[in-house]
Amino acid sequence: MPNAFVYYFGAGHADGGRADKALLGGKGANLAEMTRIGIPVPPGFTISTEACRAFLREKKHPKALRGEVEAAVRRLEKDTGKKLGGTEHPLLVSVRSGGAVSMPGMMDTILNLGLNDTTVEALARASGEPRFAYDSYRRFIQMYSDVVLGVPQKDFEALLEGRKIIRDVEADTALEWEDLKALVVEYKILVARETGQKFPENPTDQLWGAIEAVFRSWNTDRAVAYRRLNNIPDDLGTAVSVVSMVYGNMGGDSGTGVAFTRNPSTGEKKIFGEFLINAQGEDVVAGIRTPLLIREMERALPTAYKELLQVQATLERHYREMQDIEFTVEKGRLYLLQTRIGKRAAAAAVKVAVDMVDEALITREEAVLRVDPQQLEQLLHRRLDPAAETVVLSTGLPASPGAASGQVVFSPDVAHERNAKGDAVILIRSETSPDDFHGMVAARAIVTSRGGMTSHAAVVARGMGKCCVVGAHDLEVDESRGIAIAHGRVIREGDWVTVDGTTGRILLGKVATVEPELSDQFHILMGWADAARTMKVRTNADTPADAQKAREFGAEGIGLCRTEHMFFEGDRIISMREMILAVTEQERRAALAKLLPMQRADFKGIFKAMDGLPVTIRLLDPPLHEFLPRSEEDSRHLAQILHIDEAQILHAVERHRENNPMLGLRGCRLGITYPEITQMQAQAIFEAALEAMQEGIDVQVEVMIPLVGNVKEFSRQEEVIRDMAERVLGSDTKLPYLVGTMIELPRAALTARAIAEEAEFFSFGTNDLTQTTLGISRDDAGTFLPYYIENGILPDDPFQVLDREGVGRLIEIATREGRSARPRLKIGVCGEHGGDPRSVEFFQNIGLDYVSCSPFRVPVARLAAAHAALRTKPKSSPSDSEGIRPLTPAVAGD
Ligand code: PEP
Ligand code: MG
């Protein structure tokens with residue numbers, strides 16, 4: 001009868017295998033699998049997660065467990081020719097925890113379990129090295145006492161230090177075996193004093209103590225917190241692997257190492273790793289001795305090296321995936337201790353995936369699924385030279401990736417001036433506003449001490465593909481004094497810093513960066529991704545240059561052109577302010593007339609860049625006060641330029657002040673209140689389209705009305721737009737254009753049927769929809785959102801990863817209702833979530849037509865859309881049988 005809880009592996013046989021990850025943990029499943037396929041693995045057994053669950057539930061071991069463990073130990077004794085507690089050839093084991101999902105906070109490995117005052121002598125005799133035996137023994141007592149008996153490591157370290165002082169030596173290795181033997185006595189006295197009990201001498205007692213400690217470690221505070229944070233269910237439990245010890249520290253013909261089957265940075269198909277002669281596994285990781293490159297093993301341990309090359313190739317072929325392995329050579333014999341999927345940098349991920357298709361190991365679809373979309377962004381921006389040394393000044397949220405060095409400035413005007421002189425500047429502000437736009441354009445990177453991932457700085461920077469860190473709370477910014485303080489260090493204007501937007505770090509000085517290079521393999525992989533996906537990917541772009549960049553990255557149109565950004569640049573803001581300050585409609589129209597040619601030129605540039613692809617242009621959205629001067633100085637300056645009284649400006653600022661501007665006079669409410677704004681914008685759009693068409697450009701315009709909550713709002717604005725289209729285009733011109741709306745208010749989502757009767761397309765503005773559904777301000781969330789996420793109140797930042805239960809539900813309702821009124825209604829997403837892989841999956845699942853995101857996220861979204869399509873593709877069709885094999889079998893340990 002098969003065992004209920006214990007899975008044995010050894011002598012070429014294994015219960016279970018790689019498919020049993022849930023039961024045996026990643027480690028246990030792969031030890032079994034390796035044994036099965038003839039890889040040399042020291043024999044052992046794995047106690048299943050089922051036993052752990054039963055133990056935690058019942059507060060005692062399940063009945064059958066004791067007998068099964070005893071039987072497995074007997075079998076292990078037979079296979080190794082050693083005996084637990086034996087005086088001649090003692091069996092020593094390692095005990096490790098390992099769940100289906102890797103989890104820090106769980107119990108570490110205990111090595112050399114089975115040592116006691118008798119077996120240590122036998123080990124000394126068998127190895128001929130008493131020092132090795134006693135060193136193993138004292139380490140075992142220390143480790144076991146720490147994790148099983150709760151006596152802190154530092155107490156043992158103090159005794160070790162004391163012994164070194166007595167002997168007047170610096171290094172542990174200078175202690176003789178007699179010293180280590182004496183230390184063992186001291187260690188045991190310490191344990192007895194601290195626990196009131198003797199250190200367990202009986203190896204069977206030791207083993208049960210360790211098993212129980214592993215089970216209990218499932219519920220340590222750290223493990224529980226980690227599960228909360230990563231959405232790992234509490235009821236998975238951990239497995240326990242008990243493996244017979246092999247030693248890499250048995251002399252010059254022994255050693256231990258770690259290796260990847262391919263280079264994890266570049267993907268080159270060549271074993272990559274390091275090893276140490278005459279050492280234990282922990283010595284490699286601890287960094288006390290400098291390991292040798294794996295190549296050198298060829299000279300030092302030629303036979304074992306040859307075998308290692310074969311084994312790693314077998315593992316790769318078997319798992320059809322790059323592996324990360326741990327091995328030990330004991331007196332010339334190679335043993336594998338672990339294998340798991342190797343983590344790799346983005347460039348390596350792409351190369352390995354494409355190479356493996358060439359090697360006929362995996363299919364194209366699998367290759368696409370092997371590359372993490374989120375990781376792809378690393379490849380698209382300038383990045384820090386990985387070899388550079390760095391000093392971190394401050395850390396915030398990685399709002400927009402890339403890396404840039406420059407001299408610190410605290411004012412957008414200074415940024416503008418210095419950039420004009422050719423200086424590289426980094427703009428540091430407590431937060432940014434539309435007023436700072438010219439400074440943001442001028443800066444190489446932007447840093448704010450406040451704000452979240454969808455704050456003004458973050459959205460604008462991402463749109464520009466500019467490196468940006470926001471919410472660096474450990475940075476005190478004092479713009480008026482022109483300084484920032486980070487952990488007591490003062491940063492002044494002119495100081496050099498480097499901003500790493502990929503990790504959120506602000507570094508001291510000028511750190512070297514390297515250009516991104518898109519490999520041929522990158523383009524090949526993206527081609528496969530495009531073939532696999534069904535959802536289109538567009539971009540959010542406001543300028544012809546961004547549109548062009550996005551097109552190079554594979555954008556299939558513009559999903560959102562925020563026209564307000566066109567008003568911030570250079571002198572345009574003056575005309576915009578003139579328009580806002582206008583008292584009569586006539587004055588307003590005069591100011592708008594100055595803006596018209598500028599908008600028209602921008603639109604034409606964008607139509608040209610997007611020749612043949614759809615361009616969604618959104619009408620003016622933000623509240624007017626955002627365009628008005630913020631400081632008295634600025635007001636004075638404006639009064640001078642416009643030859644008006646400063647009081648008039650202050651009055652206008654006062655008039656436009658709102659308590660909740662995000663819920664105030666913005667979006668379509670602006671165009672409804674001042675229809676001449678919409679008229680001007682529509683005129684610019686259609687005139688630009690006409691001019692572009694006359695130059696042979698294939699123009700596909702989609703005019704989008706923002707912040708609609710009520711179908712009547714839509715109809716009013718639509719009428720203005722269509723009237724203008726008719727006026728500009730006349731009846732002969734054939735310009736197919738659509739008028740649609742953003743769905744970014746809950747009411748719009750809930751009344752989508754009525755809106756779709758009128759609107760020709762929907763685009764979910766998930767930034768505002770998140771803000772209004774959750775009632776969390778996009779700009780003020782920084783004060784409490786990090787706490788919410790850290791403490792598991794919210795699983796993720798809802799402005800980055802779509803809140804499926806709330807916002808997602810509204811999107812589903814609106815999609816269903818919208819299509820019930822207009823079955824072919826085109827529906828997309830243009831909020832930040834359009835570039836987030838997990839959100840993209842949701843959009844695919846509910847059948848949206850496209851997502852739109854900032855230019856640098858376009859490849860990420862293309863790959864994410866391919867992943868989503870492949871994961872939801874029905875698996876029944878015969879042609880798929882090779883295609884989308886689930887990845888789980890290839891997932892190695894943790
Ligand atoms: C949105 O709200 O999701 C959106 C795209 O518009 P904005 O971010 O400009 O408000
Ligand atoms: Mg919006």
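In listed order, ligands and their atoms are each counted from 1. As the structure is a prediction and not an experimental result, all values here were calculated from the model.
If you check each of Asp621, Leu560, Asn767 against atom 3 (O) of ligand 1, the one with the closest non-hydrogen atom is Asn767. Of the listed options Arg562, Met704, His565, Gln771, Arg562 places a heavy atom closest to atom 7 (P) of ligand 1.
Using cut-offs of 30° and 60° on the angle between ring planes, the pair Phe437 and His565 is parallel.
Considering Asp768, Thr772, Thr770 in turn, Asp768 is the only one that fulfils the side chain to side chain donor-acceptor pair (under 3.5 Å) rule with Arg778. Residue Gln599 is tested with Glu687, Gln683, Gln681, Lys604 for a side chain to side chain donor-acceptor pair (under 3.5 Å); the sole match is Gln681.
Of the protein's heavy atoms, Arg618 NH1, 2.9 Å lies nearest to atom 6 (O) of ligand 1. The nearest protein atom to atom 5 (C) of ligand 1, hydrogens excluded, is given as Cys830 O, 3.4 Å; this is a heavy-atom distance.
Between the Mg ion (ligand 2) and Asp621 there is no N/O/S contact shorter than 2.8 Å.
Atoms of ligand 1 found under 4.0 Å from any heavy atom of Gly765 (numbered from 1 in listed order, with element): 1 (C), 2 (O), 3 (O). Which parts of ligand 1 touch Glu744 is read off a 4.0 Å heavy-atom cut-off, strictly below it: atoms 1 (C), 2 (O), 6 (O). Shown in contact with Asp768 at under 4.0 Å from a heavy atom are these atoms of ligand 1, numbered in order with element: 1 (C), 2 (O), 3 (O), 10 (O).
With respect to Arg819 and Asp849, a salt bridge is recorded, a charged nitrogen being found less than 4.0 Å from a carboxylate O.
In this structure, Glu832 falls outside the shell of residues with a heavy atom less than 4.0 angstrom from ligand 1. Distances shorter than 4.0 angstrom occur between a heavy atom of Arg778 and an atom of ligand 1. In this structure, Met742 counts as a contact residue of ligand 1, since one of its heavy atoms falls inside 4.0 Å of the ligand.
More than 12 heavy atoms of other residues, nucleotides or ligands shown are found within 6.0 angstrom of NE2 on His625. The 12-atom threshold is exceeded at CZ of Arg655, counting heavy atoms of other residues, nucleotides or ligands nearer than 6.0 Å.
For the pair Glu564 and ligand 1, the shortest N or O to N or O distance does not fall below 3.5 Å.
Side chains of Asp797 and Gln800: a donor on one and an acceptor on the other come within 3.5 Å.
Here the side chain of Asp611 pairs a donor or acceptor atom with the backbone of Asp698 at under 3.5 angstrom.
For Glu744 atom OE1 and Asp768 atom OD2, the angle they make at the Mg ion (ligand 2) is roughly 100°, to 10 degrees.
The aromatic ring centroids of Phe686 and Tyr737 lie less than 6.0 Å from each other.
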